[in-house]
Structure formats: C-alpha cells, structure tokens
Colleague: 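Take this structure first; my questions come after.
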Amino acid sequence: MKQQSQYLPRLLCLLLIFVIGAGYQARAQEWQRAFDENRKEIAEVTAYNDRISEELRRQTEQEAERRAAFPYTDGVYTASARGFGGDITVTVTLSGRRITDITVDAHPGEDDLFYGEAEAVIGRILEAQSADVDAVTGATFSSAGIREAVRAAMDLAKEDV
Amino acid sequence: MTDKTIRTSASDENKPAAAPRKWRSPRPYAIVRCVVQLSFFLVAPSLFSSAFLGVKQLFIAVGHGQPLPWNSFVQTLAALCLYTVLFGRWFCGYACSFGALGDLVYGISCRVRRKRKKKPLRLPEKAERLLRPLPYLLLLAVILLCASGLWSKMAGWSPWDVFSQLCSLRFGLSGYVPGIVLLALIVVGMAFEPRFFCRFLCPMGAVFRLLPILPWAVLRRDRSACLKGCSACQRVCPMGHTLGEGEDGARCNAGDCIRCGICAADCPKSNVRTGIPALRGHEHRLTAVKALLLLGLAWALGLLRIL
C-alpha cells in the first residue's frame, strides 16, 4: 500500500488512545475504590450485627442464669405462719430478683421480748436472700414463725423452672 | 533462513536485469540473521506470546470494568511497542519465534522445490489481497472476545498458546485440540508463502503495523539511483512491501517492513538505506546494538531462558 507519510496521523492516534486509556483508568480506579468501600461497609455492618446478636445472646443467658438462681417473680406477697402463740403475717417485697423488704404486719400471739429477738431473723433472710436460715436461739418459735411466713410468701412467687 | 524468492509476474520477460537466480552459499548477512534468529528462539521464545497476553489482559480488564493491570505481560507489550516505534518491526524480523519458524518452514519448502527444479511456492496475488486485512480482523476478534469475557471459553482454540507451550517444551496439551489443528494448518501455510503467519494471521503484527514508527527507521531508496526496471527489492521482500522514497521515507506503509534486510543485501546498487545517512555501510553494527538491546529488555522483563 503506497500512502503518504503516516507517522503524524499514527502518532496522534496513539496519543488519543493514551488519553482515552488514562480516562478509563481513572474511572475504573474510582469504581474499584467504591467497590472496596462498599465491601468495607458491608463488613462493618455485619460485624456490628454480629456484636449485637452476641450481646443479646449473652443477656438472655444471664437472665436465664439469674432466673435459675432466684426463681421468684418480683412483686409484693403476704402470707402467714404459726409463731409461738398465733399466726405471724408478713409482707415480702421482691424486686430485681432480690428480696428487698420484709415487713411483719401482725404478730398478735408473740411476747414483745421474744418478738424483739426474733426480728433478727429478718436480717439473716435478707442477707442470705433465702428463707433457709437458722432460727434465732432463744426465740426459736417466733423467729421460725417469721421465717416460715416469709417462705410461704415466697412460695406464692415461685416460678416454674 | 533466507531465500531469493521471485514473484512470478507477467511482465518478467520485459525486465532485463532480472536474471534467474542460482543457488549461492549464504552471504554473511544471512548467516548473521540466522544466528540471531536461532539465539532468540532458544533464549527468549516467549516474547511474542507474552506481549499478546498483555493485549488480552488489558481488554479483559476493560470487560470487567477493572483498572488496567501493569503486570509483566503488559510491560512486555509496552516494551515491544516502544522498541518498534524506535526501530521498526526489527523484533518481527529477527527475534520473533513464530517468524523464525515461518522462515525455517519456507526455507525447507524452497529447498525441496529447488531440488525438483521447480520455482518456490508463492500465493497468487488475488489470494494475497484477500488475506491482507485478516490480521486486523483477528486482532479485533480477540479484543472483542476478551472484552466480553468469552476468551476463557475459547482458550483451547489459540494456536499461539499451543506454539508457546511447545517452545517451552510443555507437551501436556489436552484440551487444546482446535489450537493444535490450527497451528498445523498455519505451518502448512508457511510452506506456501514467506512469512505466511506474519503477513496474514498475526494479531500482534496488526498492533505493530498501527504504531507510529519513527521516520528515521523507515527503509527507503533513492529512486534516481535505481536501475531501470529492476524492482529486485520489491520481488525479494518476504512481506510484499514496497520501499519508501524520498527523504522522509514517504509513500510506503512502514508497518509492513520487518527489517529483515534482504532487500538491502540484494540491491545491485546498495541503494537501500535508513533515515540516518551516517549509518550507511554500518547496518551490521546497528543490528548488533538492536539485538543486545532487545536481549536486555527480555532479561529485564524476566523472559530470558538460561539454557
């Protein structure tokens, strides 16, 4: 093929190809960056979701543990049991899966002296967070009465485990 | 690997200077060329396929919308293109393993024909004209296949891959049956026309042909010094190329010339020259420089095979 000198047109074409190539490269690198960022975001969101699920699971486990450890529903419960000379009525307040308050409403059959001593069992119950405590020596029947009344009240609150 | 092939043309009888050529022992330049070609075949046979793989990878990246890679294949492509812009298609003429294979096959074909007192084979003009746009079409086809992501399905069809694996002495070619068949057909075609693959089937050649080869590297002749009715350079050119004319080597398609130097060796008036007058008569030194430069490039790219 005989043609005029083709150097200049070819050089211009080559430069044009370079310009197009550079333009494409810039665009493609943008796409790549956007793609990588997208992947990073997805990874972050997935990690966040995983953390949330893990937290939820842990909380549920803890709740189950606490429930197993103290299977009594929060609330205010009243019950009676026999003391020395009559029934002792107590009101027990359960809150946050703890025994928070024990109030003796009536103890008609107890002598004040013995009752005064017996009240110490309330402290023991609150400390042990359970009705399985020893009665107070010297006021056995009165303290046992208080204790059993508390136990009866807590039985009202018992949950099925 | 050089033969004086004469294109049969109707006006042969009217050309007084075209005496029938007898077989002569190869001249020095032909020996040099043979040595260089053999060296590159042994030491750096995968230059061609690496560069072409660079082309494919660029367009596969475009097909995926990914940034263009700058790996060793693309670097090889860039290096060979730069080399071609500076020196013309010297790589094709001296260093390409496919071209060397073509020269070998055609040389054998010519010798066989000569033994039977027959003229060397050449394709008819019509066939040549028909096949000339084929390299560009093949290049376009490969580019489209790569950009559309279909190239991986066609991998078994590539005769270039088969050839480069054979050059690396890897013979586990299962799954490449279509490629092997095509390569065999190409080798058969190489016996019918010098540089059959390079002229009609090489997509890398299509890439090189489109490059802006620097004017100084374009071979040209001074028409005023030519013998009347000679056209020997045209007839012996394996690529069917017509030399440029004038001071800037104009009026020729510089992309066709593979710098084999047969025209320069055969010109009865030593009229063929490059664009740098100081180089006249010293082309062999330039050949040595070019060979070392290309070897250096191959080494830097990691394509040099230590025997």
Side-chain angles (χ1 to χ4, degrees), chain A residues 1-69 97, chain B residues 54-55 58-70 74 77-78 81-82 84-86 88 128-129 132-133 136 143 147 199 206-218 220-221 223 234 237 239-257 275:
Chain A
M1 284 186 277
K2 283 196 168 76
Q3 289 165 29
Q4 294 301 320
S5 172
Q6 301 172 323
Y7 177 66
L8 219 46
R10 288 185 184 186
L11 185 63
L12 291 174
C13 281
L14 191 64
L15 291 176
L16 187 66
I17 289 177
F18 273 136
V19 167
I20 293 176
Y24 168 82
Q25 185 75 338
R27 196 75 60 84
Q29 278 172 340
E30 253 180 57
W31 293 337
Q32 183 81 314
R33 240 176 291 142
F35 180 73
D36 289 340
E37 267 182 40
N38 194 22
R39 289 265 287 273
K40 216 162 48 115
E41 261 184 46
I42 291 180
E44 278 174 18
V45 169
T46 314
Y48 175 75
N49 283 346
D50 285 344
R51 276 206 311 273
I52 298 286
S53 311
E54 181 65 27
E55 189 66 31
L56 208 62
R57 196 189 54 80
R58 210 169 45 82
Q59 278 182 1
T60 318
E61 258 185 33
Q62 273 185 358
E63 187 62 31
E65 271 176 29
R66 291 172 65 190
R67 185 179 289 222
R97 295 208 171 259
Chain B
V55 173
L58 282 176
F59 283 98
I60 288 176
V62 170
H64 287 148
Q66 287 169 344
L68 303 172
W70 181 244
V74 178
L77 173 67
C81 285
L82 183 63
T84 301
V85 165
L86 289 175
E128 262 185 75
R129 245 182 312 201
R132 231 181 269 155
Y136 303 101
I143 284 177
R199 291 186 73 177
V207 172
F208 288 145
R209 260 181 254 245
L210 298 170
L211 292 174
I213 298 173
L214 285 174
W216 81 271
V218 176
R220 70 208 63 190
R221 56 182 168 165
R223 277 317 280 274
Q234 207 171 328
C237 177
M239 298 295 283
H241 172 71
T242 306
L243 285 175
E245 301 170 16
E247 278 317 302
D248 60 349
R251 299 182 68 200
C252 81
N253 191 353
D256 278 342
C257 170

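Residue numbers begin at 1 in each chain, while the letters A, B, ... track the order of the sequences.
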Colleague: Sort by residue number and list every member of residues 35-52 of chain A having a non-hydrogen atom under 4.5 Å from chain B.
Modeller: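 Residues qualifying by a heavy atom under 4.5 Å from chain B are absent, so none.
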Colleague: Chain B contacts: which residues in residues 17-29 of chain A have a non-hydrogen atom closer than 4.5 Å to it?
Modeller: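 Answer by number: G21(A), Y24(A), Q25(A), A28(A), Q29(A).
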Colleague: Given heavy-atom pairs under 4.5 angstrom as the criterion, report whether the side chain, backbone, both or neither of L11(A) touches chain B.
Modeller: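 Its backbone and side chain both get close to chain B.
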Colleague: Under 4.5 Å from any heavy atom of chain A, what part of L58(B) do you find: side chain, backbone, both or neither?
Modeller: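 Contact with chain A is absent: no heavy atom of L58(B) under 4.5 Å.
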Colleague: What part of R209(B) lies closer than 4.5 angstrom to a heavy atom of chain A: side chain, backbone, both or neither?
Modeller: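 Contact with chain A: backbone only.
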Colleague: What part of L68(B) gets closer than 4.5 Å to chain A, counting heavy atoms only: side chain, backbone, both or neither?
Modeller: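 Backbone plus side chain of L68(B), per the 4.5 Å heavy-atom cut-off to chain A.
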Colleague: Please list, chain by chain and in numerical order, all residues satisfying salt bridge (Lys or Arg N to Asp or Glu O under 4.0 Å) with E55(A), sequence neighbours excluded.
Modeller: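 E55(A) satisfies salt bridge (Lys or Arg N to Asp or Glu O under 4.0 Å) with R58(A) only.
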Colleague: Sequence neighbours left out, what passes side chain to side chain donor-acceptor pair (under 3.5 Å) with Q62(A)? Give chain and number order.
Modeller: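 For Q62(A) there are no side chain to side chain donor-acceptor pair (under 3.5 Å) partners, ignoring immediate neighbours.
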Colleague: Between V85(B), L214(B), L211(B), which is the residue that forms a side-chain contact (heavy atoms from CB on, under 4.5 Å) with Y7(A)?
Modeller: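 Between Y7(A) and the candidates, side-chain contact (heavy atoms from CB on, under 4.5 Å) is satisfied uniquely by L214(B).
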